[in-house]
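Scroll down for the structure; my scribbles are underneath it.
Quick caveat, the model's predicted, so the values are computed rather than measured.
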Amino acid sequence: MKKFFLCAILFFGISQISFSQIHFGVKAGINYNSDSFQGVLQDVSEGGKSKTGFHAGVWTRFKIPVIGLYLRPELVYTSLKSEYSSKLIPDNKATYDFQKIDIPILLGKKFLKILNVFAGPSFQYIIDGDFNFESLGDIKTEADGLTVGVQLGAGVELGKLGLDIRWERAFSDKESELIVNEGLPQRFDTRVNQIIVGLSYRF
């Protein structure tokens, strides 16, 4: 938790640096968790089917003098979901709901005034993760903690509106635990690998 607050302080601290051409805005969009949560280490499931999630947040952007690049810190809430056929409980479907706070710090370059490319680290604080079995309902898992990943992508801006597509991958190993019927904990990998499509508005 302390590391998360340090990241948040970094985000807002950067926003006070006096770069030229400072912009602020909001953003929202959809997330496709392409193969996240597939590394089940003790046969939790027979296979997963990824679903779309969503994100929403705020961003700020500074043009860095001399070098012609911009810095774009963001603060984003993300919710993801995957669906599984359970081995733990025969003939039962399970879904895994996953929420996190993302703080990407992106370095980018604009082209032709409307196109841009960017990349940078993403600090991710996992808020919660829950399995839901059809017959048992919600089962709590241990899934909180800080991870670090990378985002890279490209976008287009038309006036105050922007549209971008990104790929995100978490680097840090992050395992969660699931206990069913008082058995041994079932561990599975919750590192996120996703495609993100976002729409933004600049004030």
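- Minimum heavy-atom separation, V156 to N116: N-ND2, 4.1 Å.
- With respect to the salt-bridge test (charged N to carboxylate O, under 4.0 angstrom), the residues K110 and E157 qualify.
- Between I30 atom CD1 and L199 atom CG the span is 11.0 Å, to the nearest 0.5 Å.
- Taken from CD1 in I126 to CD1 in I101, the straight-line distance is 11.5 Å, to the nearest 0.5 Å.
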- Derivation of the side-chain contact (heavy atoms from CB on, under 4.5 Å) call for I195 and I165: CA-CA 7 Å; I195 302 298; I165 183 168; 4.1 Å; yes
- Pair F118-D164, side-chain contact (heavy atoms from CB on, under 4.5 Å): steps then yes or no: CA-CA 10 Å; F118 50 83; D164 65 56; 4.0 Å; yes
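- Note that CD of Q151 and CZ of R72 are 10.0 Å apart. Values are rounded to the nearest 0.5 Å.
- S79 contributes no side-chain N or O that, together with a main-chain N or O of G53, makes up a donor-acceptor pair within less than 3.5 Å.
- Note on F62 and F24: same hydrophobic cluster, where clusters join Ile, Leu, Val, Met, Phe, Trp and Tyr whose side-chain heavy atoms are under 4.5 Å apart, directly or indirectly.
- For A170 against Q124, the heavy-atom pair with the smallest separation is CB-OE1, 3.8 Å.
- The minimum heavy-atom distance between P73 and I105, with the atom names listed, is CB-CD1, 3.8 Å.
- V117 approaches A154 most closely through the heavy-atom pair CG1-CB, 4.0 Å.
- Not one N or O on the side chain of W167 forms a donor-acceptor pair closer than 3.5 Å with the backbone of G153.
- Side chain of R166 to backbone of G198: no donor-acceptor contact under 3.5 angstrom is found.
- Taking OH of Y32 as the start and CG of N193 as the end, the distance is 10.5 Å to the nearest 0.5 Å.
- The line from CD1 of I103 to CG of L75 is 5.5 Å long, rounded to the nearest 0.5 Å.
- Taking the six-membered ring for Trp and the full ring otherwise, F203 and Y201 have centroids separated by under 6.0 Å.
- S122 approaches E168 most closely through the heavy-atom pair OG-OE2, 3.8 Å.
- Nearest approach of H55 to V197, heavy atoms of both residues: CE1-O, 3.5 Å.
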- Task: Just do the side-chain contact (heavy atoms from CB on, under 4.5 Å) check on K27 and V58 with the steps written out, would you?
- Result: CA-CA 6 Å; K27 59 172 298 182; V58 296; over 6 Å; no
- Task: Let me see the working for D102 and K100 under side-chain contact (heavy atoms from CB on, under 4.5 Å), right down to the final yes or no.
- Result: CA-CA 6 Å; D102 293 314; K100 63 192 180 85; 2.5 Å; yes
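- Residues L163 and Y70 do not share a hydrophobic cluster, defined by chaining ILVMFWY side chains whose heavy atoms lie under 4.5 Å apart.
- For F54, the ring-ring contact (aromatic ring centres under 6.0 Å, His included) criterion is met by no residue, not counting sequence neighbours.
- For the atom pair CD1 (I196) and CG (L80), the distance works out to 8.5 Å, reported to the nearest 0.5 Å.
- Between L106 and E74, the closest side-chain pair of non-hydrogen atoms falls below 4.5 Å.
- Side-chain contact check for H23 versus K63: every heavy-atom pair is 4.5 Å or farther apart.
- Both V148 and Y77 are part of a single hydrophobic cluster, where members link through side-chain heavy atoms under 4.5 Å apart.
- Side-chain contact check for T60 versus I22: some heavy-atom pair is nearer than 4.5 Å.
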